[in-house]
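Notes follow the structure.
Every chain is numbered from 1 and lettered A, B, ... according to where its sequence line falls, protein lines coming before strand lines.
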Protein chains: 2
Amino acid sequence: MTSITHENLPELVTRELSNKIIRNELKPGERIFEAKIAQELGVSRSPVREALRILERNRLVEMIPRKGVRVTKITAQHIKWFYDIFEALYGLVARKAAENADSEDIGNMSVALKKIENAAEKGDIESYFINIFEYASVGMKAARNPLLEQLIIELWPSSRRIQFSSLLFRADDLKKNVTYFQRCSKYVEQGNALMAEKVIQEYARNEEAFALKIVNGDKK
Amino acid sequence: MTSITHENLPELVTRELSNKIIRNELKPGERIFEAKIAQELGVSRSPVREALRILERNRLVEMIPRKGVRVTKITAQHIKWFYDIFEALYGLVARKAAENADSEDIGNMSVALKKIENAAEKGDIESYFINIFEYASVGMKAARNPLLEQLIIELWPSSRRIQFSSLLFRADDLKKNVTYFQRCSKYVEQGNALMAEKVIQEYARNEEAFALKIVNGDKK
DNA sequence: ACATTGTATACTGTCGACAGTATGCGCTGA
DNA sequence: TCAGCGCATACTGTCGACAGTATACAATGT
């Protein structure tokens with residue numbers, strides 16, 4: 001163990017495995033062996049087991065008792081299931097944000113929005129992806145439902161995984177996507193809960209369509 | 001361990017602790033000690049730790065690294081947060097069920113509905129509670145979104161906990177509640193997704209109001 | 001050749017022990 | 001009397017080892 005850090009091992013292992021799965025270095029359906037991971041990262045199996053429980057919650061792996069752990073698959077079906085939930089939960093966030101945001105929240109959202117706009121302008125996809133999560137984050141703060149926030153954050157790794165494959169192919173429609181966030185911010189400022197929710201739902205369907213195009217092999 | 005069963009220890013520990021928390025034998029805010037639980041159940045700390053991770057996912061406990069595990073609180077705020085999500089997720093279930101249910105699903109729902117009606121008629125609260133989860137279960141099968149199903153099932157222990165305190169006080173309005181399920185079933189049969197969703201949302205708000213009455217001390 | 005059974009092996013499940021850290025209490029000094 | 005410090009202790013974190021089980025492969029019989 002070379003680690004000098006103060007952070008705990010399960011989180012470290014989680015992050016490491018999480019990245020490998022999101023980047024598709026660990027393939028869907030692939031088996032994960034506790035001992036192998038433990039050895040690779042220079043820790044014992046205990047923190048690995050903890051990490052696997054966390055990854056299970058993130059829907060990145062599936063644990064079957066006495067049968068082991070596998071990386072979850074992502075088929076077109078999975079993507080539809082995921083975005084139906086995405087639509088419902090983020091729709092709720094937008095609605096609640098429109099109802100509850102104070103001037104500070106609105107300020108934060110506007111800052112986050114600017115970062116998205118800049119990234120889109122420059123075509124910086126990496127920065128764009130970081131900042132849409134930042135935008136979601138301040139939006140969730142404004143919605144004032146920590147339980148909802150938790151649920152969504154636990155699904156973020158799945159979001160990232162689905163979006164990762166798109167990452168390389170979508171430089172073109174980045175600017176179109178920005179308009180969703182701009183409209184959302186506008187409605188939140190106006191306190192128009194109904195429209196804020198609608199815009200985000202539209203955005204979700206758009207993301208879904210894009211993700212489906214990718215898995216269906218219409219890529220490039 | 002006297003257990004002859006083939007079931008795994010983490011599940012056993014989870015169930016045991018789960019029941020204690022739901023029945024309010026372990027109080028909100030109370031600390032849980034791994035070693036103590038392990039000794040009580042005659043197992044080592046490993047399966048207890050696994051169980052605690054599961055309970056964390058069920059929102060029954062909160063784990064703070066190096067600080068230990070506590071039973072989560074349930075304030076009026078928590079209940080509002082919970083039912084906002086409840087409304088969104090079950091609303092989605094109802095909508096999707098109305099869109100996707102085949103005749104077998106509708107048959108199953110009708111059987112489950114009858115059981116609820118019987119329980120309500122007899123004023124058998126225990127049976128009523130068992131059967132509304134059964135109804136939800138067949139409804140979720142009809143909705144054909146296993147991810148959504150997972151998310152909801154993981155929240156069930158929280159549902160049970162919130163409803164447990166109500167359990168003794170609500171014999172009176174059981175029959176009124178049944179009408180929600182009756183209307184829901186009707187709309188699902190008709191394929192009326194919009195109204196099915198609306199009914200369930202109404203039901204959620206009604207449950208919320210009841211739970212809030214309880215925690216606010218208007219009980220009895 | 002193919003099915004069936006036995007066996008080897010490699011993985012998960014569980015344990016007990018040790019290490020490290022947070023917390024409360026008592027001691028000391030102003 | 002009270003603040004600050006240090007120590008004791010009890011808990012969580014991590015480990016390595018052993019036990020039990022699923023699986024693949026080989027051997028045997030038909």
Side-chain angles (χ1 to χ4, degrees), chain A residues 1-18 20-21 25-73 150, chain B residues 1-18 20-21 25-73 150:
Chain A
M1 269 285 298
T2 64
S3 159
I4 325 141
T5 77
H6 211 253
E7 122 187 292
N8 50 355
L9 261 18
E11 267 179 45
L12 176 101
V13 177
T14 301
R15 194 150 28 84
E16 215 60 34
L17 286 176
S18 203
K20 283 212 175 87
I21 295 172
E25 292 164 23
L26 289 169
K27 301 269 186 296
E30 188 174 337
R31 184 97 183 263
I32 293 180
F33 299 109
E34 295 172 4
K36 182 162 167 279
I37 304 298
Q39 193 173 9
E40 275 174 19
L41 298 177
V43 298
S44 82
R45 278 173 56 216
S46 311
V48 175
R49 282 178 77 90
E50 307 259 327
L52 290 174
R53 286 280 181 196
I54 296 171
L55 291 169
E56 190 188 25
R57 188 177 345 175
N58 295 333
R59 322 286 153 179
L60 293 186
V61 307
E62 236 166 354
M63 306 177 75
I64 302 173
R66 303 188 184 276
K67 290 278 190 112
V69 177
R70 282 180 190 282
V71 178
T72 50
K73 302 205 170 119
Q150 266 187 29
Chain B
M1 269 289 295
T2 65
S3 157
I4 326 140
T5 78
H6 212 252
E7 120 188 294
N8 49 356
L9 262 17
E11 266 180 44
L12 176 101
V13 177
T14 301
R15 195 151 28 84
E16 216 59 36
L17 286 175
S18 205
K20 284 212 175 88
I21 295 171
E25 293 164 22
L26 288 168
K27 301 267 185 299
E30 188 174 336
R31 184 99 181 263
I32 293 180
F33 299 110
E34 295 172 4
K36 183 163 166 279
I37 304 297
Q39 193 174 9
E40 275 174 18
L41 298 177
V43 299
S44 82
R45 279 173 55 217
S46 311
V48 175
R49 283 178 76 91
E50 307 259 325
L52 290 173
R53 285 279 180 198
I54 296 172
L55 291 170
E56 190 188 25
R57 188 178 344 176
N58 296 332
R59 323 284 153 178
L60 293 186
V61 306
E62 238 165 354
M63 307 178 74
I64 303 172
R66 300 185 187 279
K67 289 278 190 114
V69 178
R70 281 180 190 282
V71 178
T72 50
K73 301 205 171 121
Q150 266 188 30

Under 4.0 angstrom between A:Arg66 side-chain N/O and C:dC11 OP1 or OP2: no
From CD (B:Glu16) to CD1 (B:Ile21), nearest 0.5 Å: 11.5 Å
Separation of atom CD in A:Glu34 from atom C1' in C:dA10, rounded to whole Å: 13 Å
Rounded distance in Å - CZ (A:Arg45) to P (C:dC11): 10 Å
For atom CZ of A:Phe33 and atom C1' of C:dG13, their distance in whole Å: 16 Å
B:Gln39 atom CD, over 12 foreign heavy atoms within 6.0 Å: no
Candidates C:dT14, C:dA22, D:dT12 - which lies nearest the side chain of B:Arg31: D:dT12
Closest to the A:Lys67 side chain, choosing from C:dT21, C:dT12, D:dT23: D:dT23
Whole-Å gap separating C1' (C:dC11) and CD (A:Gln39): 14 Å
Integer-rounded Å distance: C:dT12 P and A:Arg49 CZ: 8 Å
side-chain hydrogen bond (donor to acceptor under 3.5 Å, both in side chains) partners for A:Arg59, two or more places apart: B:Gln150, B:Glu154
Touch class at under 4.0 angstrom, heavy-atom based, for B:Ile32 against every strand present: sugar-phosphate
